[in-house]
Amino acid sequence: MSGQAKAFRPEPSALTRWLILGIVGLVFLVPIIAMVEFTLRRGLEGGYDFSRWIAVFSGGLTGEYKGILTALGNSVVLAIVTVIVMLVILVPTMILVQLRFPYLRRAIEFLCLLPITIPAIVLVVGLAPVYSVVAKMFGSGVWTLSFAYGIIVLPFAYRAIQANLQAIDVITLSEAARSLGAGWLTVLLRVLLPNLRRGILSASFISVAVVLGEYTIAALLNRVNLQTALVIVSKSDPFVAVIFALLALVFAFLLLLAIGRVGAPRRKRSSTGASS
Amino acid sequence: MADALVSVVAPLEGVEPAAVQARRPESSRRAAFTVPSFLGLVPFAAYILLFLGLPTAIALFTGFLDGTGSFSLTNIEALADPLILTTFGNSIGLSALTAVIGSVVGAACCYALIGTNPTGLLRSVVDSASGVLAQFGGVMLAFAFVATIGIQGMVTVYLKDSFGIDIFADGVWLYELPGLILPYIYFQVPLMIITFLPALEGLKPQWAEANASLGGSRATYWWRIGIPVLTPSFLGCLLLLFANAFSSFATAAALTSQGSQIVPLQIRSALTSETVLGRENLAGALALGMIVVMVIVMTLYSLLMKRSAKWQR
């Protein structure tokens with residue numbers, strides 16, 4: 001029976017599948033391999049060794065690479081503050097709209113996906129005057145950039161949280177809790193947020209990945225983050241820049257892999273959880 | 001079981017009428033909560049207004065101001081300058097070329113992924129790798145291509161040493177417009193995989209069964225069912241890829257240190273030096289031009305997506 005059903009599926013044959021994936025995969029691996037090869041080069045005399053990697057990891061970061069470390073610190077601060085901005089502003093709003101203003105859902109979706117249409121390079125033209133005001137109010141600390149980053153992570157964060165919101169029955173959950181005497185704060189903190197943890201977690205991870213890779217806004221507002229520092233370092237020491245680029249790519253890859261593992265909505269489990 | 005449930009619900013009915021009305025409570029509940037609930041939307045609205053609405057408005061509005069701050073159309077007229085038109089042409093050409101190549105190669109990959117386990121290892125790795133390359137590469141992709149096809153790049157050196165082929169025989173093109181094509185394709189293909197795969201997974205197995213039971217072959221299936229159903233999604237994804245390349249800045253900025261062959265780079269030089277064509281506020285006019293292109297493309301995109309949603313119910 002199952003064999004018969006399989007014959008009807010439009011799947012490619014195993015040969016076609018692995019031929020396509022193999023060729024594209026190999027071509028896409030070339031630049032990554034080239035980066036690794038580049039960092040292993042031993043200079044003018046040729047040959048390969050790990051000296052540059054060892055130099056970076058054995059206290060090399062305190063000396064001439066200190067700039068990168070500072071920039072990495074800035075990016076980490078930005079990532080954390082951006083996640084906080086996202087969690088404090090977006091998550092309660094989405095829950096509130098789901099509960100009280102379902103007719104506003106389309107409007108919120110439109111607003112959250114709008115940053116896809118407005119390129120960061122356009123946004124930055126208008127952000128420059130906004131940030132001269134922000135600097136007067138909050139000082140010129142790097143973290144203030146998180147307000148702008150909160151906007152560019154909006155489409156990613158919205159999708160992650162919305163997928164989770166749709167998979168649970170927010171209205172029933174909150175009414176059940178309310179009817180058992182819970183206050184709204186309890187409903188939010190002890191009923192809704194635990195149910196939304198997958199969506200929130202993947203929204204946070206994806207925000208971290210976006211912020212760590214952000215260049216446009218930081219570069220044009222003259223702030224230092226990991227990417228702007230990498231571009232500057234690449235002009236004097238391209239090897240170190242490539243090492244850090246590789247590490248950042250691997251880190252982002254692992255973050256997204258973790259989202260795939262953690263963030264996948266498991267409907268079966270959440271529905272039995274809601275009904276029991 | 002049923003008795004226990006009733007006994008849990010019954011006392012509550014007396015205690016809290018709101019819980020009883022839970023199924024159709026809109027009018028009564030809204031009356032009680034309108035004021036505080038509405039206030040809950042204020043932070044989000046204020047944030048969006050200040051950091052999305054205001055910057056966008058400023059970006060679009062400054063194009064209509066001259067150096068002294070009064071209204072003028074000179075910057076908008078500058079959009080018709082041959083230099084600016086060439087830049088827009090470059091941007092559109094580059095985006096269109098990489099979107100077409102990216103969508104065809106990406107669609108082939110999606111086809112190859114049909115029938116694989118969505119939570120399996122292969123799909124997890126493909127999804128994550130696609131996500132990284134499509135959305136977070138930016139500057140790092142520029143480094144990757146300098147290491148690959150830069151003057152001392154791995155592939156450049158290999159081709160020269162093994163086959164005597166000098167890819168830069170006619171001059172080094174990596175740091176100019178043609179050099180952007182390969183890095184752009186490198187992030188377009190993964191984006192196509194991310195956006196087009198859900199459409200392919202929306203193909204219902206019943207359609208394949210109906211096709212088979214009516215005596216159709218694999219070719220009939222794709223020609224009569226698969227391709228017609230997927231065409232709106234494919235075109236939508238193609239437009240999204242175009243928009244993605246058109247608005248991309250980081251890779252180009254890291255790769256080309258001088259010259260402004262595409263619009264985002266032109267905006268950079270307008271912002272930093274303010275002497276493009278001897279005009280101030282040209283960045284605003286360029287931003288306006290970009291927004292016009294983006295709005296057209298994204299409107300078509302959402303129309304196509306609506307069309308394709310018809311089959312995904």
Side-chain angles (χ1 to χ4, degrees), chain A residues 8-12 16-17 20-21 24 30-32 34-35 37-38 89-90 92-93 96 100 111 114-123 125-127 129-130 147-148 150-151 175 178-179 209-210 212-213 215-216 219-220 227 230-231 234 241-242 245 248-249 252-253 256-257 260-261 264, chain B residues 12 16 19 22 33 37 40-41 43-44 47-48 51-52 54-56 58-59 105 108-109 111-112 114-115 119 124 127-129 131-132 136 138-140 143-145 147-148 153-155 186 203 205 208-209 212 221 226 247 249-250 253-254 264 267-268 271 283-284 287 290-291 294-295 298:
Chain A
F8 291 140
R9 282 200 201 137
E11 293 180 9
T16 323
R17 167 176 299 160
I20 295 174
L21 291 181
V24 176
V30 169
I32 304 294
M35 284 173 99
E37 190 255 10
F38 188 70
I89 293 182
L90 183 64
T93 306
L96 190 64
R100 288 275 170 273
L111 285 178
L114 206 54
I116 299 177
T117 309
I118 302 168
I121 185 76
V122 168
L123 205 57
V125 174
L127 273 174
V130 170
F147 292 125
I151 294 291
E175 272 164 4
R178 290 280 291 156
S179 69
V210 170
L212 291 185
Y215 172 75
T216 310
L220 290 169
Q227 301 297 324
L230 283 181
V231 170
S234 74
V242 172
L249 283 173
F253 174 73
L256 293 198
L257 207 59
R261 290 283 159 210
Chain B
L12 284 172
E16 191 160 351
F33 285 100
S37 303
L41 295 178
F44 180 77
Y47 177 63
I48 291 287
F51 287 95
L52 182 62
L54 189 61
T56 311
I58 292 175
V105 176
C109 293
Y111 169 69
I114 296 178
T119 53
S124 300
D127 285 348
S128 317
V132 171
F136 321 120
V139 167
M140 290 154 327
F143 294 168
F145 276 84
T148 313
M154 187 177 81
V155 172
Y186 199 70
L203 288 175
E209 282 157 21
Y221 173 78
S247 56
F249 170 76
I267 293 183
R268 171 177 71 175
L271 276 179
M290 274 192 93
I291 286 282
M294 289 297 286
V295 166
M298 293 307 288

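Residue numbers begin at 1 in each chain, while the letters A, B, ... track the order of the sequences. Basis for what follows: all heavy atoms, side chains included, without hydrogens, waters or symmetry-related copies.
Taking each heavy atom of Q227(A) and M140(B) in turn, the nearest pair found is NE2-SD, 3.5 Å. Closest non-hydrogen pair, F145(B) versus P31(A), comes out as CZ-CG, 3.9 Å. Here the shortest heavy-atom pairing between T148(B) and A34(A) reads OG1-CB, 3.3 Å.
When L249(A), V242(A), V24(A) are compared by the number of non-hydrogen pairs under 4.5 Å with chain B, L249(A) comes out ahead. Per-residue heavy-atom pair counts under 4.5 Å with chain B were compared for I20(A), I89(A), I151(A), and the maximum is reached by I151(A). Heavy-atom pairs under 4.5 Å with chain B were tallied for A252(A), S234(A), A245(A), G213(A); the largest tally goes to A245(A). For chain B, the option among L21(A), L114(A), I116(A), I32(A) with the highest count of heavy-atom pairs below 4.5 Å is L21(A). With respect to chain B, the highest number of heavy-atom pairs below 4.5 Å among V130(A), L127(A), T117(A) belongs to T117(A). Among the candidates A148(A), A241(A), A120(A), the residue making the largest number of heavy-atom pairs closer than 4.5 Å to chain B is A241(A). Counting heavy-atom pairs closer than 4.5 Å to chain A, the top residue among A129(B), S128(B), P43(B), A147(B) is S128(B). Contact count versus chain A (heavy atoms, under 4.5 Å) is highest, among I114(B), I267(B), V155(B), for I114(B).
Using a 4.5 Å heavy-atom cutoff, the side chains of V30(A) and M154(B) are in contact.
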Evaluate L257(A) against D127(B) for side-chain contact (heavy atoms from CB on, under 4.5 Å), listing each step before the verdict. CA-CA 8 Å; L257(A) 207 59; D127(B) 285 348; over 6 Å; no
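Of the atoms belonging to Y186(B), heavy atoms from both backbone and side chain fall under 4.5 Å from chain A. Contacts between V231(A) and chain B at a heavy-atom distance below 4.5 Å involve backbone atoms as well as side-chain atoms. Heavy-atom distances place no part of L212(A) under 4.5 Å from chain B, backbone and side chain included.
One N or O on the side chain of Y47(B) and one on the backbone of F147(A) form a donor-acceptor pair closer than 3.5 Å. No donor-acceptor pair closer than 3.5 Å links the side chain of R268(B) to the backbone N or O of I121(A).
Rounded to the nearest 0.5 Å, atoms CZ (F44(B)) and CG (L111(A)) are 5.5 Å apart.
P92(A) pairs by the side-chain contact (heavy atoms from CB on, under 4.5 Å) definition with nothing, not counting sequence neighbours. In terms of the side-chain contact (heavy atoms from CB on, under 4.5 Å) criterion, residue partners of I291(B) (sequence neighbours excluded) are, by chain and number, I118(A), P119(A), V122(A), L60(B), V295(B).
Of the residues T56(B), L271(B), I58(B), the one that meets the side-chain contact (heavy atoms from CB on, under 4.5 Å) test with V125(A) is L271(B).
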